[in-house]
Number of protein chains: 2
Amino acid sequence: MSIQQGSEDAKTKIMKASKKLFAQNGYEGTTVREICEEAGVALALVSYHFGGKENVFYALFEAVSPDFLNRDYELQDPEADLRDFIQEFIKFRHAEPDLINLLQQEIIMQSPRLEKLQTYIYTLWLQLRTILEAGRERGCFYYGSLKHTLHFVIGALIFMKKVPALDALFESADTDGNEESLEDIIASTILFILNGIRI
Amino acid sequence: MSIQQGSEDAKTKIMKASKKLFAQNGYEGTTVREICEEAGVALALVSYHFGGKENVFYALFEAVSPDFLNRDYELQDPEADLRDFIQEFIKFRHAEPDLINLLQQEIIMQSPRLEKLQTYIYTLWLQLRTILEAGRERGCFYYGSLKHTLHFVIGALIFMKKVPALDALFESADTDGNEESLEDIIASTILFILNGIRI
DNA sequence: GTCTATACTTGGATAGAC
DNA sequence: GTCTATCCAAGTATAGAC
C-alpha cells in the first residue's frame, strides 16, 4: 500500500471536478470532456472508473454520509426539534453547497436520476413532516394544510442560490454591511419559519 | 386575410408544444425533433419560423404579458400590498404553470438565457422588495435581513411543483380530503408568509 | 408555408497501445 | 491505471422540392 502523496488519483479528481461542474451547469449541461479537462485526466477514465457519466453522478451522493439523515427525533418538543432540523440542514448546505445545489436542480427538473436518489431525499423531508405533524397535534404549531406548509418550508430552506441575473436585486439589501455568519443565517431562517407556523 | 379555422398554423403549434415540453423536461432536455413531433409539423419549421431553438424559448415569454408586472403599488398599506402581490403571483402561476415552471428551472440552472429574461424577473421581485422595505420602515413588518427574507418569500412562492419522486411524502398529508381551491392556496400562502414577517 | 432528405457538430463510449 | 485515437448516436440547422 502506498501513501497518498501530492496529487490524488484520477477517480478522486474526476469526482471533485464533476461535483463542481454539475453544480455549476447541471448534469446535462456538463460534458464528460469538460469533466476530464477540469480534472486533468484523459477522457477514457470516466468510463474506466465509473462505467459512464451517470455513475459519476450517483457516486457523488454515495460518497457523502449526511449524519443528520439518520437523526432520530424524540418529538417531545417539536419546536426544539424543528429548530434542530433547520440548523442541521443549513449546516449541511453550508458544508456541501454544490451537492445541495445539484440536488435542488435535479428535483426541479424532475430528472430521471431522482429515483435512485429518492432514499436520501425522502428520509430527509419525512423527518420534517413528522416534526410538523407532531407539533400540530401537540398544539405547538398552527397551519391549515400540511402539504402546503411542507412546500413553504422546503422552499424557504432550499432556495438559497446566488443568481447572477438577480444580484442587483439583493445587492445593498442590507446596507449595514454586516457579515453573514452561518449563525445569523440559521437564526433568521428559524425565525421566519417558526413565526410562519407558530401560534 | 383569412379566418382561423380548425387547426392553427405551425407557428402556434410549435409554441404550444415547446411550452409543454420545455416545462416538462427543461430546455436542454427537449429536442427540436420532439417539439415538432408533439406539434405535428415538420422538423424544418422551427428554423423557418423562429430561426432556431433558442428563439422559440424567448417567444414563449414575449407572448405573455403579465399584467401584474406593471402593477403600481402605492405602499400606503404594505401589508395589503403584500397580500395583493402574493395573490396576483399565485393567480398567474395558476394560469401559466408551465411558464412559471420553466422560469423556475432556468433560474435554478442559471441558464445563459436568463439574461434576456431579466426584465421580467427583475421587475417582479423588485416589487416584492419594495413592499418589504416599505413595510419595515412603517413598522408593519419585522425581519432581520432583507436579503434572506427575500429568499424565503421567493422560495415559498416559487417552490410549488409536483415531484413524482416525492409524491408519497405529500400524499395523504391532509387526510380530510379537502379540495384545494385556488383561494385556499392563496389564503394559506398569505398566512404563512405574513406570519413569518409580521410583528 | 410546409415537406423530405441530408449535412454538420457535438457528446458519450470504446479499442488498443503504453 | 492512464493515455490517444476513433466510432457511433443524437441533435441542430439547412437545401431544395412541392
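Naming: A, B, ... by sequence-line order, numbering from 1 per chain. The figures that follow rest on heavy atoms only: side chains count, while hydrogens, waters and symmetry mates do not.
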### Query
Is it true that R113(B) and E106(B) make a salt bridge, defined as a side-chain N closer than 4.0 Å to a carboxylate O?
yes
### Ring geometry between F89(B) and W125(B) (parallel below 30°, tilted from 30 to 60°, perpendicular above 60°)
tilted
### Task
Heavy atoms under 4.0 Å is the rule here; annotate nucleotides 11-18 of chain C 5' to 3' with B where the base is hit, S where only the sugar-phosphate is, and - elsewhere.
BBBBB---
### Query
If you take all heavy atoms of R136(B) and G144(B), which pair is closest and at what distance?
NH1-O, 3.1 Å
### Task
Using side chain to side chain donor-acceptor pair (under 3.5 Å) as the criterion, list what pairs up with K20(B), not counting sequence neighbours.
E38(B)
### Query
Nearest to the side chain of A42(B) - dT4(D), dC3(C), dG1(D)?
dC3(C)
### Task
Look only at the side chain of Y27(B) and the backbone of S111(B), and say whether a donor-acceptor pair between them is shorter than 3.5 Å.
no
### Query
Please give, in whole Å, the distance from dA13(D) C1' to H49(B) NE2?
15 Å
### Message
Whole angstroms only, please: what is the CD1-C1' distance between I14(B) and dG1(C)?
### Response
11 Å
### Task
Nearest whole angstrom, please: distance from the P of dG1(D) to the CZ of F50(A).
12 Å
### Task
Over 60° means perpendicular and under 30° means parallel, so classify the ring planes of F170(B) and H151(A), tilted if in between.
parallel
